[in-house]
K.L.:
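Sharing a structure, written as structure tokens. Questions coming.
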Amino acid sequence: MAEERRSGVFIDADHPLVRQVKAAGVIGSGGAGFPTHVKLSAQVPNFIINGAECEPLIRVDQQLLVMYPDKLNRVLQTVVECVGAECVYLAVKAKYKEVVEEWSDRLNPPDQVFQLDDFYPAGDEQTLICEILQRIVPEMGIPTDVGALVHNVETLLNVAAAMDGHPVTYKYVTVGGGVQNPITVRAPVGTPYRDLVEIAGGVTIEDPVYYDGGLMTGRHIASLDNPVTKTTKAILAIPSKLRCVQMRSLDRRSALRQVRAGCDQCRMCTDLCPRYLLGHTLEPHLIMRQAAFNELSERIKDMSLLCCDCGVCEIYSCPVGIPPRTFISHIKNEEMAAGRRFEEEKRLPEYHERIIRRDRRVPAKRLIEKLGVKEFDKPAPFLDQSIQPIHLRLLMKQHIGRPADPRVREGDRVEAEQVIGEIPEGEFGAHVHTPLKGIVREVTEKSVLIEVA
């Protein structure tokens with residue numbers, strides 16, 4: 001039996017489902033893109049389907065749960081057998097009434113639909129586990145540390161496709177914010193963002209900026225010519241004048257200047273921090289306090305590594321408008337680049353949810369108002385339209401781990417679902433496939449450009 005260790009997860013590469021999922025290049029369909037075959041190698045008693053979708057303006061998973069209940073239910077049975085789960089929870093917000101009604105009779109006890117309140121960040125893995133299981137994932141830990149696995153709804157659909165021999169080549173994406181017709185589409189991976197914005201009727205706001213993913217945790221889109229990836233959950237257009245945009249664009253020096261000038265040590269950034277409320281030792285106000293000095297202590301540097309970049313501190317909690325998350329992100333990136341890691345021996349012996357946590361969850365409606373995007377909080381119905389871009393640019397790194405190695409050359413003709421980027425055996429990463437047939441026009445270490453035939 002082929003065995004190895006990755007991030008504390010036991011990997012059985014001989015399990016049929018693990019082999020199928022690995023060959024298909026399945027990764028988490030949102031967030032950082034953790035390779036799914038690694039997750040499916042764990043043995044856990046609790047399996048959680050994450051349908052919370054707590055980022056404002058995103059409308060993907062709530063629609064998939066209604067569109068494909070039979071397919072999702074079938075693959076769920078196979079996944080449960082693979083990981084040895086004894087109980088399944090479908091986590092969705094109670095306000096998604098159509099989803100709750102559709103799924104309530106599909107899960108047999110002890111499996112259940114777990115109805116969440118409408119708060120942010122309900123979809124965060126560690127928050128979700130605390131809500132459902134009343135367990136705390138240790139600092140810098142993973143869900144398997146407390147006997148749980150969490151998978152996104154769309155990721156499960158990709159697992160179902162892998163079981164039928166189909167790799168990940170398409171992505172469900174909400175195109176929203178300041179566009180003419182907010183929609184959700186199924187787009188080939190590698191499609192330029194611009195194509196999807198045009199399908200949504202173009203922008204309706206002046207001086208827009210664009211985000212791949214949510215406004216709280218997504219990343220700024222530098223160019224609409226850049227491609228959709230396996231983790232693209234949304235393309236959101238919002239006015240550049242919004243405070244949330246300006247904060248995210250601050251360099252370290254500018255962020256530090258604002259922190260030094262404005263922080264009044266009120267503690268609100270800490271008292272509303274989701275990680276602090278889970279009992280972790282992250283206290284953003286202490287990091288802000290040390291920002292007034294030229295050096296950061298070792299404790300503060302370690303503390304910065306615990307930040308999950310949720311953005312609550314700077315978008316919602318800070319009364320004077322300074323950017324704690326942005327400043328902490330700069331520190332964290334510097335420390336990680338220098339090789340700093342939060343070692344296991346630094347963890348607390350045990351963790352307890354702080355008694356104030358449930359009263360300090362961030363209401364989604366209030367967050368939308370704070371972001372300044374209430375006018376864009378609209379439905380984005382699924383548009384069943386075939387999307388055929390002229391070119392596809394497939395990135396070799398759309399996931400956590402090692403970039404894939406290109407396996408094609410300029411001038412090659414490729415077929416739909418063909419492997420064009422591979423992870424060597426024994427390496428941690430995910431294969432890359434082309435959605436459509438065409439001719440390879442450019443190959444670099446970072447990407448492959450295909451002219452669609």
Side-chain angles (χ1 to χ4, degrees), residues 8-10 12 15-18 21 26 28-30 34 36-54 61-119 121-138 141-160 163 278-279 350-353 357-358 361:
V9 179
F10 176 80
D12 175 6
H15 192 287
L17 184 61
V18 173
V21 169
V26 183
S29 63
F34 195 92
T36 301
H37 70 275
V38 178
K39 278 192 172 185
L40 291 179
S41 305
Q43 294 291 296
V44 293
N46 300 288
F47 187 81
I48 299 172
I49 307 168
N50 187 352
E53 205 155 53
C54 64
D61 292 332
Q62 55 198 269
Q63 296 190 74
L64 296 182
L65 284 164
V66 175
M67 291 165 60
Y68 303 111
D70 293 333
K71 183 181 294 188
L72 285 165
N73 205 24
R74 282 197 301 270
V75 69
L76 179 59
Q77 307 313 311
T78 303
V79 169
V80 166
E81 180 277 326
C82 176
V83 302
E86 300 166 3
C87 189
V88 174
Y89 301 89
L90 170 59
V92 297
K93 291 185 175 180
K95 70 175 185 178
Y96 301 154
K97 297 185 184 302
E98 188 176 4
V99 175
V100 173
E101 182 178 345
E102 176 68 48
W103 278 86
S104 291
D105 294 332
R106 289 181 176 274
L107 300 178
N108 298 317
D111 301 344
Q112 62 174 282
V113 175
F114 189 92
Q115 299 184 50
L116 296 157
D117 293 334
D118 191 14
F119 71 94
D124 167 60
E125 278 191 344
Q126 298 194 20
T127 298
L128 206 57
I129 289 169
C130 183
E131 290 285 319
I132 296 173
L133 303 177
Q134 291 79 54
R135 300 175 187 174
I136 307 297
V137 177
I142 54 178
T144 52
D145 292 336
V146 293
L149 269 185
V150 182
H151 276 265
N152 174 266
V153 173
E154 187 179 357
T155 305
L156 277 183
L157 278 181
N158 289 334
V159 172
M163 291 169 59
L278 289 175
E350 57 182 342
Y351 295 87
H352 300 283
E353 173 187 2
R357 189 183 79 86
R358 295 182 182 274
R361 298 179 301 186

K.L.:
Rounded to the nearest 0.5 Å, what separation is found between the CG atom of Leu76 and the CG atom of Asp111?
P.N.:
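It comes to 7.0 Å.
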K.L.:
Is there a donor-acceptor contact under 3.5 Å from the side chain of Glu53 to the main chain of Gln62?
P.N.:
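It does hold such a pair.
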K.L.:
Do Leu40 and Val83 have side chains that get closer than 4.5 Å, going by heavy atoms?
P.N.:
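A side-chain contact under 4.5 Å exists here.
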K.L.:
Could you go through the side-chain contact (heavy atoms from CB on, under 4.5 Å) check for Leu278 and Gln126 one step at a time?
P.N.:
CA-CA 8 Å; Leu278 289 175; Gln126 298 194 20; 3.9 Å; yes
K.L.:
Please confirm whether the backbone N or O of Leu65 pairs with a side-chain atom of Trp103, one donor and one acceptor, at under 3.5 Å?
P.N.:
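Yes, because the side chain of Trp103 sits within donor-acceptor range (under 3.5 Å) of the backbone of Leu65.
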K.L.:
Which atom pair, heavy atoms only, marks the closest approach of Pro138 to Asp145?
P.N.:
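Shortest heavy-atom separation between Pro138 and Asp145 comes out as CD-CB, 3.9 Å.
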K.L.:
Does any N or O in the side chain of Asn50 come within less than 3.5 Å of the main-chain N or O of Gly123, such that one atom is a donor and the other an acceptor?
P.N.:
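Between the backbone of Gly123 and the side chain of Asn50 there is a qualifying donor-acceptor contact (under 3.5 Å).
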K.L.:
Is there side-chain contact between Thr127 and Glu125, with at least one heavy-atom pair below 4.5 Å?
P.N.:
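No. Closest side-chain heavy atoms not under 4.5 Å.
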K.L.:
With rounding to the nearest 0.5 Å, note down the distance linking NZ in Lys93 to CZ in Phe114.
P.N.:
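Going from the NZ atom of Lys93 to the CZ atom of Phe114 covers 13.5 Å.
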K.L.:
Would you say His15 and Ser41 make side-chain contact, with heavy atoms under 4.5 Å?
P.N.:
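Answer no - side chains too far apart.
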K.L.:
Step through the shown structure and confirm whether more than 12 heavy atoms of other residues, nucleotides or ligands are within 6.0 Å of CG on Asp105.
P.N.:
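Incorrect, the count does not exceed 12.
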K.L.:
Would a 4.5 Å heavy-atom cut-off, applied to side chains only, mark Tyr89 and Asn46 as touching?
P.N.:
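SC-SC contact between Tyr89 and Asn46 confirmed.
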K.L.:
Thinking salt bridges, do Arg106 and Glu102 make one under a 4.0 Å N-O criterion?
P.N.:
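So Arg106 pairs with Glu102 through a salt bridge.
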K.L.:
Got a donor-acceptor contact below 3.5 angstrom from the Lys95 side chain to the Asp117 backbone?
P.N.:
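Absent.
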K.L.:
Quick check: closest heavy atoms across Val150 and Leu128, and the distance to 0.1 Å?
P.N.:
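Smallest heavy-atom distance, with atoms named: CG1-CD2, 4.2 Å.
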K.L.:
Taking all atoms of both residues into account, what is the closest heavy-atom pair of Leu17 and Cys82, and its distance?
P.N.:
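Closest approach of Leu17 to Cys82: CD2-CB, 3.8 Å.
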K.L.:
I'd like to know whether His151 forms a side-chain contact (heavy atoms from CB on, under 4.5 Å) with Lys39, so could you lay out the CA-CA distance, the side-chain angles of the two residues, the decisive distance to 0.1 Å, and finally the verdict.
P.N.:
CA-CA 9 Å; His151 276 265; Lys39 278 192 172 185; 3.7 Å; yes
K.L.:
CE/Met67 to CG/Asp61 distance, rounded to the nearest 0.5 angstrom?
P.N.:
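Here the rounded value is 11.5 Å.
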K.L.:
Does the pair Val79 and Val75 meet the rule for a side-chain contact (heavy atoms from CB on, under 4.5 Å), with working shown?
P.N.:
CA-CA 6 Å; Val79 169; Val75 69; 4.2 Å; yes
K.L.:
Would you give the length of the straight line joining atom SG of Cys54 to atom CG of Asp124, rounded to the nearest 0.5 angstrom?
P.N.:
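It comes to 7.5 Å.
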K.L.:
Are the side chains of Asp70 and Asn73 in contact, using a 4.5 Å heavy-atom criterion?
P.N.:
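No, too far: nothing below the 4.5 Å cut-off.
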K.L.:
Run the numbers on Ile132 and Ile48 for side-chain contact (heavy atoms from CB on, under 4.5 Å), then give the verdict.
P.N.:
CA-CA 9 Å; Ile132 296 173; Ile48 299 172; 3.9 Å; yes
K.L.:
In Å and rounded to the nearest 0.5 Å, what is the CE to OG1 distance from Met163 to Thr78?
P.N.:
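If I round to the nearest 0.5 Å, the distance is 3.5 Å.
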K.L.:
Report yes if some heavy atom in the side chain of Arg358 is under 4.5 Å from a heavy atom in the side chain of Phe119; otherwise report no.
P.N.:
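In short, these two side chains do not touch, never coming nearer than 4.5 Å.
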K.L.:
Examine distances only and state if a side-chain atom of Arg135 and a backbone atom of Val146 form a donor-acceptor pair shorter than 3.5 Å.
P.N.:
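Such a contact is found between Arg135 side chain and Val146 backbone.
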K.L.:
Could you tell me the separation between the CD1 atom of Ile129 and the CD atom of Gln134, rounded to the nearest 0.5 Å?
P.N.:
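That separation rounds to 11.5 Å.
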K.L.:
For a quick check under 3.5 Å, do Ser29 and Thr155 share a side-chain donor-acceptor pair by atom type?
P.N.:
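Yes.
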K.L.:
Quick check: closest heavy atoms across Val137 and Gly141, and the distance to 0.1 Å?
P.N.:
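In this case the closest contact between Val137 and Gly141 is CG1-C, 3.5 Å.
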K.L.:
Quick one: are Leu116 and Glu131 in side-chain contact, heavy atoms under 4.5 Å?
P.N.:
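In short, these two side chains touch, coming nearer than 4.5 Å.
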K.L.:
Below 4.5 Å, heavy atoms only, C-beta onward: do Leu157 and Tyr68 meet side chain to side chain?
P.N.:
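Counting from C-beta outward, Leu157 and Tyr68 do come under 4.5 Å.
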K.L.:
Considering all heavy atoms of both residues, which atom of Gln115 and which atom of Val100 are nearest to each other, and what is their separation?
P.N.:
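Of all heavy-atom pairs spanning Gln115 and Val100, the closest is NE2-CG1, 3.7 Å.
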K.L.:
Between the main-chain N or O of Phe47 and the side-chain N or O of Glu86, is there a donor-acceptor pair closer than 3.5 Å?
P.N.:
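Not at all, since once roles are kept as given, no pair shorter than 3.5 Å links the two residues.
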